[in-house]
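In what follows, a single structure is set out as structure tokens and then discussed.
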Amino acid sequence: MSSHSAAHYFLEGLVDLGVEYIFANLGTDHVSLIEEIALWDKQGRKHPQIILCPHEIVAVHMAGGYVLATGKGQAVFVHVDAGTANACMAIQNLFRYRLPLMLFAGRAPYTLHGELPGSRDTYVHFVQDPFDIASIVRPYVKWEYSLPSGVVVKEALARANAFMHSDPPGPVYMMLPRETLAEQWDEAAMPSYDPARYGSVQSGGVDQARIDAIADQLMAAKNPIALTAYLGRKPEAVAVLDRLARTCGIRVAEFNSIDLNIPQDSPCFAGFDPLPLLEQADLGLLLDTDVPFVPQYAKRVEAVKWIQIDIDPLKADFPMWGFPTDIRVQGDCAMVLQQVLDAVEARADDAWRRQVAERIASWGGAREALAKRRAAASANPGISGAINPSHLFSVLNTKLKQDDIIVNEAIRNAPLLQDQFHRTQPGSYVGLAGGGLGFSGGMALGLKLAQPHRRVVQVIGDGGFHFSSPDSVYATAQQYQIPILTVVLDNGGWQAVKSAVQRVYPKGVAAETNSFQSRLTSGRQGEQRRFADVAKAFGAHGENVANPEDLAAAIDRCLAALDDGKAAVLHVQITPL
């Protein structure tokens with residue numbers, strides 16, 4: 001009977017679950033895993049591919065990008081409490097994205113005197129052993145477990161896999177003590193756990209009575225609207241929402257959208273601001289959205305009947321939520337909306353269909369006005385050192401294909417980006433779900449890794465660029481030859497901080513003296529931060545653009561670098577904050 005380490009069976013368990021990648025930042029706690037991977041490589045045995053990321057924020061977000069593109073949960077290895085702490089902000093983002101991920105942290109050895117293989121043998125094993133390591137990420141994981149013995153490693157992995165993929169999906173966390181990974185066990189003690197038998201629980205459709213109630217209200221409504229953010233996670237949901245909107249005459253707005261949820265060439269697409277729609281709405285659908293609007297600015301909420309259809313309708317991880325619903329449904333939007341569409345089509349007569357067609361036709365003027373405002377916003381290119389962001393986004397939009405992916409971390413300029421980029425294909429737009437900035441670099445790498453045939457463009461503010469551990473982003477891009485384009489919007493600081501102060505204290509001293517503690521400058525007259533040089537240090541193409549007339553050619557050179565297999569950074573001087 002063959003005997004192997006628990007690390008061996010751990011790798012076997014990942015293979016059994018179909019995990020393709022391990023995004024890793026390793027340490028002294030991973031010695032048994034490193035040894036086992038080396039042995040498997042020597043034997044020519046297949047295991048999940050290791051992607052080394054010099055910072056945990058990149059590892060987690062890169063895994064998230066891969067999962068977003070594929071729907072398949074992956075693994076991230078981090079080093080004890082230090083790596084867990086570095087990963088925590090990114091885990092918060094993936095928790096809000098509802099993306100399945102297994103975060104594995106080693107634990108400092110628990111034996112002190114060499115009693116077991118893997119016992120403490122260095123200084124850090126004493127100082128990296130907190131009382132409650134899981135408390136670092138506990139608010140942002142669905143399940144946590146400290147592996148007590150190697151004999152249950154495969155069963156624990158199956159349990160982790162079931163939790164992370166069950167609706168609503170999300171990250172899980174497992175701690176791996178060093179001695180536990182070094183344990184030796186006979187093969188007979190290690191049965192497999194088929195994911196089909198120990199698998200996840202998925203949402204689906206709902207009972208016909210509620211479908212009929214929703215269909216009846218939709219057909220009776222004179223001005224129905226739908227607000228959504230992450231319905232587009234499933235491409236089939238995008239198509240069915242568009243069909244339902246066209247059939248029922250529903251205007252659809254995306255507020256803080258994470259995905260493309262309805263094609264922007266649909267006559268029912270109503271932009272990214274829900275407040276104008278609320279002025280006349282009599283029925284509202286909340287479809288896979290965490291924050292459909294900001295309540296203090298929405299004065300007609302109580303005059304509207306609300307129907308919520310969501311994979312996560314209770315928002316159990318939000319202590320307070322605050323949005324009224326008259327019908328609340330937990331389910332898969334793609335399935336539930338198809339059920340509603342079938343019920344509507346079975347009831348619809350010619351007279352009702354004419355009313356819907358007239359309603360949709362009446363929106364033509366609003367769409368034309370929106371297009372004119374968009375064109376006017378981008379027509380002014382700005383001046384040297386202060387390029388108009390809308391102009392930048394408009395020019396970049398003309399250079400990209402519908403199959404290209406835009407990752408939007410423009411923050412205060414994010415609405416301008418959404419206005420200027422015309423997206424029609426599911427999966428071609430990614431926004432920020434959580435509250436942690438610096439996500440887009442790692443996310444772009446993961447999206448490109450999963451879809452090497454598509455170009456991926458990350459747009460990020462200069463403040464967010466600092467948060468993203470950019471040296472780690474481009475080091476990873478260089479090592480694994482993953483070309484992405486980063487556009488850095490340099491307005492000289494954190495516009496979000498300034499805007500927040502202005503909203504609360506519009507006539508305060510900070511506004512009077514223009515002192516918002518948000519500027520990020522070189523400190524020396526005439527000296528400039530050179531973000532593109534960070535990329536150049538790792539073999540990427542880098543450019544700085546200050547003049548609007550130079551913008552188009554610079555974008556072309558950056559895209560050519562991608563075609564040559566090199567990452568690129570375009571540092572753009574936009575209107576200062």
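Small disclaimer: the values here were computed from a predicted structure and weren't measured. When reading the values below, keep in mind they use all heavy atoms of this one structure, side chains included, and skip hydrogens, waters and symmetry mates.
Judged by distance alone, with hydrogens and angles left aside, the side-chain atoms of Arg178 form a donor-acceptor pair with the main-chain N or O of Thr28 at under 3.5 Å. Under the 3.5 Å distance criterion, the side-chain polar atoms of Lys142 are left unmatched by any main-chain donor or acceptor of Tyr173. In this structure, Thr289 contributes its side chain and Thr228 its backbone to no donor-acceptor pair below 3.5 Å. With Gln128 contributing its side chain and Phe126 its backbone, the two residues share no donor-acceptor pair below 3.5 Å. Within the 3.5 Å criterion, the main-chain N or O of Gly493 finds a donor-acceptor partner in the side chain of Asn491.
Salt-bridge check for Asp129 with Arg120: passed, with a basic side-chain N closer than 4.0 Å to an acidic carboxylate O. Between Lys234 and Asp332, at least one side-chain nitrogen of the basic residue sits less than 4.0 Å from a carboxylate oxygen of the acidic one, meeting the salt-bridge criterion. At a threshold of 4.0 Å, the pair Asp290-Arg98 counts as salt-bridged, since one of the basic side-chain nitrogens sits closer than that to a carboxylate oxygen.
Scored by the ring-ring contact (aromatic ring centres under 6.0 Å, His included) test, Tyr66 finds Tyr21 as partners (sequence neighbours excluded). With sequence neighbours left out, the side-chain contact (heavy atoms from CB on, under 4.5 Å) criterion links Pro48 to Leu14, Val15, Val19, Ile22. Under the rule for a ring-ring contact (aromatic ring centres under 6.0 Å, His included), the partners of Tyr9 that lie at least two apart in sequence or sit in another chain are His4. Annotation: side-chain contact (heavy atoms from CB on, under 4.5 Å) contacts of Val473 (sequence neighbours excluded): Val58, Leu445, Ile484. Contacts of Phe531 classified as ring-ring contact (aromatic ring centres under 6.0 Å, His included), with partners at least two apart in sequence or in another chain: Phe465, His466, His571. Listed by chain and residue number, Ala7, Leu181, Ala182 satisfy the side-chain contact (heavy atoms from CB on, under 4.5 Å) test with Ser32 (two or more places apart in sequence, or in another chain).
The side chain to side chain donor-acceptor pair (under 3.5 Å) pairs that include a residue from residues 442-452 are Gln451-Arg454, where partners are two or more places apart or lie in different chains. Within the structure, every pair that satisfies the salt bridge (charged side-chain N to carboxylate O under 4.0 Å, His left out) test and touches residues 86-96, not counting sequence neighbours, is listed here: Arg96-Asp317. Contacts classified as salt bridge (charged side-chain N to carboxylate O under 4.0 Å, His left out) and involving residues 427-445 (residues at least two apart or in different chains) are not found. Within the structure, every pair that satisfies the side chain to side chain donor-acceptor pair (under 3.5 Å) test and touches residues 472-482, not counting sequence neighbours, is listed here: Tyr474-Thr486.
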Show me the donor-acceptor pairs within less than 3.5 Å that the side chains of residues 153-160 make with the rest of the protein, sequence neighbours left out.
residue : atom : partner : partner atom : Å
Lys154  : NZ   : Glu12   : OE1          : 2.8
Glu155  : OE1  : Tyr193  : OH           : 3.4

Without placing hydrogens or testing angles, list every side-chain donor-acceptor pair under 3.5 Å for residues 100-113, not counting sequence neighbours.
residue : atom : partner : partner atom : Å
Arg107  : NH1  : Ser146  : OG           : 3.4
Thr111  : OG1  : Ser119  : OG           : 2.4
Thr111  : OG1  : Glu179  : OE2          : 2.6

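Counting heavy atoms from C-beta outward, Leu432 and Asn93 have side chains that approach closer than 4.5 Å.
Using the six-membered ring where Trp is involved, Trp143 and Phe163 have ring planes that are parallel, under 30° apart on the 30 and 60° scheme.
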Would you sort out whether His55 and Asn25 count as a side-chain hydrogen bond (donor to acceptor under 3.5 Å, both in side chains), showing the intermediate values? CA-CA 7 Å; His55 197 286; Asn25 192 296; over 6 Å; no
Between Gln495 and Ser518, is a side-chain hydrogen bond (donor to acceptor under 3.5 Å, both in side chains) present by the stated rule, with each step listed? CA-CA 7 Å; Gln495 178 66 47; Ser518 61; over 6 Å; no
